[in-house]
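It should be emphasised that the depicted structure is a prediction, and the values quoted were computed from it without experimental measurement. Order of the sequence lines fixes the chain letters, A, B, ..., with proteins taken first and strands second; residue numbering starts at 1 for each chain.
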Amino acid sequence: MDSLGFQKRKVFHFVIYYFLLIVATLIIFMPILWMISVSLRPNKEVLLTPPAWIPQTFTIEAYRSVLINPSNIRSFLNSLIVSLSVTGLSIILASLASYGFSRFRFRGKTACSFFILVTQMIPPIFLLLPYFIMMSRLGLYDTYLALIITFTSFTLPFCTLMLRSYFDTVPREIDEAALIDGCSWWQALIRVILPINIPAIIATGAFAFILAWTELLFAVALTQSKGMRLFTVALSVYIGEYSMRWNELMAFSVLACIPLVIGWVFLQKYIIEGMTAGAIKY
Amino acid sequence: MQSRSFFKLTDEKRGWAFISPMIIFMMALYLYPLLHSSIISFKDKNGNWNGLLNYLQLFSDSMFWISLKNTVFFTIVSVIFHLIIGLGLALLLNLKLRPLVMNFFRGVLMVPWLLATIVAAGIWVLIYHPVGILNYFFISLHLISVPISWLGNPKIALLSVILVNVWKFYPLYMIMVLAGLKAIPIELYEAAKVDGAKPYQSFLHITLPHLRSVIIFMTLLDTIWTFRHFDLVYVMTGGGPMYKTELLTNYIYDVSFRNLQFNYGSTITIFMLIVSLIFSVFYLRLYHEGE
């Protein structure tokens, strides 16, 4: 009898617990479902009363209008070019630096790692005007390079901390073995350390890509011409329009999420591991 | 023994060789702004030194105080709710779930963090629309009788923006706390159970003490991050209605890029920098204790 009561209570807990989890997830995910639903209907059905979760007229017209517009396509391509370059640059600079931090003792090491930590604390708005002036003087205003350099300056500190915490877990004996086999330090990094840290590199790269892909403020301030717009800027122009084409805005948003969601499905484990490793030491 | 001396002899130059590309890059991009902003914050529009005049102007600038007040409110309320929701969901995810199910829920609950802020802003502007679903939902529950202008009503506009911020950024807490929970040795709970501890007792005496450092750490980081938030207000309200949602960052943007008062704008960014650095001192001390 007693064990039956215990069983019952267990089942009861189980039900309550799953109920809470599912309800919470549904509430949090609802805005995203609404975005997808609105993107699949004609604009005149967006603000119906009562609202319908399932579109009455199911259409991909909004996606067609977004994709048929060359400046939208251009903004996606721009975002892709900039984000991939930022990712590449961040990985290269961060893996060199992390290796240096993780393997060598040298004067100024503490000061340098302190500097890296502090740069993360600086509000981006503080950098906005100086970057604007700097890029204008260098003749880089309104170019990819301006965006790539500035975005990398935001991703690099965290990427370095993240990679370093991975490199620290690799025993030094592995480098020594490579050196004894006749590798230089440089080769030890490229041929031995990087290959065994591929998951860490992926996590770091994904992190840099996400940051660059979603950046808005500096994309607005450092570009001017329509051809240099990132998709975030193109979206903000959509939102600012007087007569809203909600279905197109939502279709555009869905399209902008696709690269991140695909990456997320496959790389979730690595990204989360990397983020928790880089930000917090237990 | 031999290899250790080998390491030592060559460490100095090699270490610098590896870190210098990154350090040079970062120095160039952070020291110039620091110098530039500090210098021009002491000058007037025509480039003449005017001492502390710009800094004194802060005291008499009512917009500065309004936006500072809004920013403090925005930061405190957002951080508290990030913490509550992140902690709650992390605890739910940490109960006995199959790894596959756990990964699924964790993945789905992280999605708001993945979205570009501009995407989140677009979705919520639509949800907050006067004839949007949020008003419909509340009206059909008879909680309100007339539609609320979520972003237009001076009394609630800032709260509406905060809600979006909470929705967008709680996942960071969730995964950090979850990682902290996973690091607690399960033997502790088993031992407590053997000693007859109730579940809430193990929560109070095992879970919370172990999470202490994660929570302090994340709260500091989140405070620094939320304090400097810009995108949501820029896209959703533009600081209105009646400056009720104007944050410091948005005010700086307006001063520098709309009114073209670069010098005074730099003065306010220096103020923000100092506040951020004060919080950072605590963060860095914890970081080094952890190391």
For Phe207(A), I'd like to know if atom CZ has over 12 heavy atoms of other residues, nucleotides or ligands within 6.0 Å.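 Yes, because the 6.0 Å sphere around CZ of Phe207(A) holds more than 12 heavy atoms from other groups.
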Greater than 12 external heavy atoms within 6.0 Å of Phe114(A)'s CZ: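 Open.
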Where does [X] contact chain B at under 4.5 Å (heavy atoms): side chain, backbone, both or neither?
X         : result
Ile180(A) : neither
Met121(A) : both
Tyr131(A) : side chain
Val220(A) : side chain
Leu235(A) : both
Leu260(A) : both
Leu189(A) : side chain

Count the heavy-atom pairs under 4.5 Å between each of [options] and chain B, then report the option with the highest count.
options                                    : answer
Tyr99(A), Trp264(A), Phe29(A)              : Trp264(A)
Gly100(A), Pro123(A), Ser253(A)            : Pro123(A)
Cys112(A), Ser102(A), Ala221(A), Gly108(A) : Cys112(A)
Ile210(A), Leu93(A), Thr119(A)             : Thr119(A)
Phe231(A), Phe14(A), Tyr18(A), Trp213(A)   : Tyr18(A)
Ala256(A), Pro157(A), Pro124(A)            : Pro124(A)

Proximity breakdown for [X] and chain A, heavy-atom pairs closer than 4.5 Å:
X         : value
Ile40(B)  : side chain
Leu277(B) : side chain
Tyr170(B) : side chain

N/O donor-acceptor pair under 3.5 Å between [X] side chain and [Y] backbone:
X         : Y         : value
Arg228(B) : Ile122(A) : yes
Tyr136(B) : Pro51(A)  : no
Tyr253(B) : Leu217(A) : no
Trp167(B) : Ile28(A)  : yes
Trp124(B) : Pro31(A)  : no

Winner by heavy-atom pair count (cut-off under 4.5 Å) against chain A, out of [options]:
options                                   : value
Val125(B), Val275(B), Ile268(B)           : Val125(B)
Ala17(B), Ser266(B), Ala116(B)            : Ala116(B)
Pro21(B), Gly265(B), Ala120(B), Pro33(B)  : Pro33(B)
Leu126(B), Leu34(B), Val119(B)            : Leu126(B)
Leu89(B), Asn103(B), Thr117(B), Leu172(B) : Asn103(B)
Ala28(B), Ser256(B), Ala121(B), Ser37(B)  : Ser37(B)

Closest heavy-atom pair and its distance - [X], [Y]:
X         : Y         : answer
Ile239(A) : Val235(B) : CD1-CG1, 3.6 Å
Gly132(B) : Leu47(A)  : CA-CD2, 4.3 Å
Leu117(A) : Tyr283(B) : CD2-CE2, 4.2 Å
Ile32(A)  : Val111(B) : CD1-CG1, 3.3 Å
Leu249(A) : Gly122(B) : CD2-CA, 4.4 Å
Trp16(B)  : Arg107(A) : NE1-O, 3.0 Å

Parallel, tilted or perpendicular, as decided by the 30° and 60° cut-offs, for the rings of Phe18(B) and Phe104(A):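 It falls in the parallel class, under 30°.
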Worked verdict on Phe126(A) versus Thr249(B) for side-chain contact (heavy atoms from CB on, under 4.5 Å): CA-CA 9 Å; Phe126(A) 177 79; Thr249(B) 49; over 6 Å; no
Side-chain contact, heavy-atom cut-off 4.5 Å: Met272(B) with Ile125(A)? yes
